[in-house]
Amino acid sequence: MHSTLIFPGIALPGFDSFKKKGSVDANFIDHGLASIGAAAKARGHTVDLIDMRTLRDWDHFRAEVRRRDTRVWGITSWSLHYPDAVRAIRIVKEEKEDALVVLGGVHATLQTPQVLANRLIDHVITREGEVSFPKLLEDVEAGRPAERLIAGEGPDLDAIPWVDRDLFDPTGELAVPMVPGLPTPFITTNAGRGCPFKCNFCQPAERAVFGNKVKMRSPQNVVNELLWLRHRFGFRSWMAHDDLFFINQKWMREFCDVYREAGLTEPFICQMRADLICKFPDVVEQMAAAGLAWAMIGFESGNQRILDFLEKETTVEENVRAAEICRRHGVRIWANTMFGVPTETRAEVLDTVRMVWRIRPDHLSASYFTPTPGSNIAGEVEKLGLAVVDPYEGSCRSPTQAKVRDVEYAWLARAIETARVAGTEDALTALAALPAATSPEAPCA
Ligand code: B12
């Protein structure tokens, strides 16, 4: 059975952006679609893909739909892509009378009643798709009836095929490392799924899609894929695209051993947590010896009340110590920080500036707090009537757009500028004394 997958990821980079804008948003491959595509092919189906970032405009999309002889159309959904997914579905239905549209992905899982209300969607597969999508193709092929709402079954990660990068144009991400200074070609892979922590700006997305228990591929399986990717693309650096690559110290120790024994030396970058870095500095040392070049750490805030408010379960002191540990082992620091958290005061923001000065990150990634649809805190923000952005198009975390009512964005932009250059308490006193700027329309950075 043939199916066409659609990646509607134009919300941030736009049409005709693929490989053009030099940003990760314009270049990444979507591992979810690449994985269900691989699973369907392994069951003998044929699959192709429309990556909307490679198209000129909606007319071009319509022409791509028209020229295909496809019955089953599988579309993915991150929340910010959902409005474009809906528009794409309408076009598919206009062009192909017998089209069966299947929606999956994180938005379909978190906002199931909303997507079921769209009668143009024939099937919604929530959670993971590697088992249920090919099974649906088989049902359609055999003329068997299938439920409209299907709860996806979680696969054994070592038993499913590696993601099918060829569905996408893999040369997109090869050229654009996520961080400066990493050699190209660059590739990304996922070693596991799920996250045991409960940060309320992210959860319950992880648990809803992947379940309560973290699942890891075996270290050997990840290394085998990397060896194959080296053979295939000659990559010279890579990124673990997991929410949290270092979750389990036993797994990580084994991974580092297997990586080195396999002769892999390529530098890599991954997301890590400050508390785990502090708890297991020897694992950081082992990772650094294996090739860890950059640690992306969600420090978020330099104020304990805000960290607790976000349910981050880390402390400010751990943040500072984790940075010291990384630096000691020559690991560069990508500092994820959040400004403009609902209820955050100026004094609390200044604590974050102070923390950034103490951490001295190699890259400061400063975001404005963004209520991602389906996250626990987004629900709270909405209940309080504080959200000012469109929850879909407005959900980019970059500091270019107001997100939440009563946040002083213009002032925050000054605070972020101040954080970027080491300074003194006098600079903070001057910053604190600036006049109020509470308008949500205030210009951002
Ligand atoms: C890596 C990553 C990124 C990378 C993307 C690169 C990449 N290669 O994908 C970068 C850094 C660019 C990024 C950016 C953003 N991200 Co991000 N990202 C992730 C992360 C950590 C991993 C994605 C991944 O590869 N998952 C593994 C695959 C296998 O899982 P999956 O995609 O969910 O697919 C499975 C199922 O969902 C299902 N499925 C998916 N599609 C379909 C389709 C069909 C037809 C079927 C049947 C099934 C199905 O089957 C798949 C296999 O089991 C996820 C969290 C996570 N763990 O998933 C967040 C996540 C997807 N990101 C998120 C967000 C919010 C963003 C940003 C909007 C942040 C911001 N505010 O700026 C941007 C948007 C970028 C853009 N332009 O689209 C949210 C999305 C929440 C939501 N409600 O949509 C997530 C879930 C994190 C979170 N919990 O908050 N991100």
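Position 1 is the first residue of the sequence, and the numbers go up from there. Atoms within a ligand are numbered from 1 in the order they appear, just like the ligands themselves. Computed from heavy atoms alone, side chains included, the values below leave out hydrogens, waters and symmetry copies.
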I'd like to check [atom] in this structure: does the protein have a heavy atom lying under 4.0 Å from it?
atom	value
atom 59 (C) of ligand 1	no
atom 85 (C) of ligand 1	no
atom 29 (C) of ligand 1	yes
atom 46 (C) of ligand 1	yes
atom 69 (C) of ligand 1	yes

When you measure from [atom] to each heavy atom in [options], which option holds the nearest one?
atom	options	answer
atom 43 (C) of ligand 1	Ile75, Asp30, Ile125, Leu12	Ile75
atom 2 (C) of ligand 1	Tyr368, Trp78, Phe201, Phe210	Trp78
atom 53 (O) of ligand 1	Lys403, Met296, Glu130	Glu130
atom 9 (O) of ligand 1	Val72, Ile29, Val209	Ile29

- Item | ligand 1 versus Arg193: contacting region, heavy-atom distance under 4.0 Å |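 Arg193 to ligand 1: side-chain contact only, backbone stays beyond 4.0 Å.
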- Item | Salt-bridge present (Asp69, Lys96; N to O < 4.0 Å) |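 Here Asp69 does not pair with Lys96 in a salt bridge, since their nearest N and O are not under 4.0 Å apart.
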- Query: Less than 4.0 Å between a side-chain N and a carboxylate O, is that true for Lys93 and Asp122?
  - Reply: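 Yes, Asp122 and Lys93 are salt-bridged.
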- Run the numbers on Ser3 and His45 for side chain to side chain donor-acceptor pair (under 3.5 Å), then give the verdict. CA-CA 8 Å; Ser3 69; His45 305 287; over 6 Å; no
- Message: Below the 3.5 angstrom mark, is there an N/O of His241, backbone or side chain, next to an N/O of ligand 1?
- Response: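 By distance alone, the answer is yes.
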- Query: Below 3.5 angstrom, do we get any N/O pair linking Glu206 and ligand 1?
  - Reply: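 Yes.
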- May I ask you to decide if the ring planes of Trp251 and Phe255 are parallel, tilted or perpendicular, using 30° and 60° as cut-offs?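 Rings of Trp251 and Phe255: parallel, under 30°.
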- Query: Backbone N or O of Thr184 within a donor-acceptor pair of the Arg236 side chain at under 3.5 Å?
  - Reply: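 At least one qualifying donor-acceptor pair exists.
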Nearest neighbour in protein (non-hydrogen) for [atom]:
atom	answer
atom 48 (C) of ligand 1	Gly104 CA, 3.7 Å
atom 26 (N) of ligand 1	Asn190 ND2, 4.1 Å
atom 37 (O) of ligand 1	Gly105 CA, 3.3 Å

- Message: Which residue is it: Glu130, Glu141, Glu138? I am looking for the one with a salt bridge (Lys or Arg N to Asp or Glu O under 4.0 Å) to Arg43.
- Response: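 Output: one option passes, namely Glu138.
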Hey, is [X] one of the residues with a heavy atom under 4.0 angstrom from ligand 1?
X	value
His81	yes
Gln271	no
Pro373	yes

- Task: Would you mind reporting whether Ile75 and Leu5 have side-chain heavy atoms less than 4.5 Å apart?
- Result: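 When only atoms from C-beta onward are counted, Ile75 and Leu5 do not touch, as no gap falls below 4.5 Å.
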Assess the side chains of [X] and [Y]: does a donor N or O sit below 3.5 Å from an acceptor N or O?
X	Y	value
Trp162	Asn224	no
His107	Gln114	yes
Asp169	Thr171	yes

- Query: CZ of Arg207: more than 12 outside heavy atoms within 6.0 angstrom?
  - Reply: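 Counting neighbours around CZ of Arg207, more than 12 heavy atoms of other residues, nucleotides or ligands fall under 6.0 Å, so yes.
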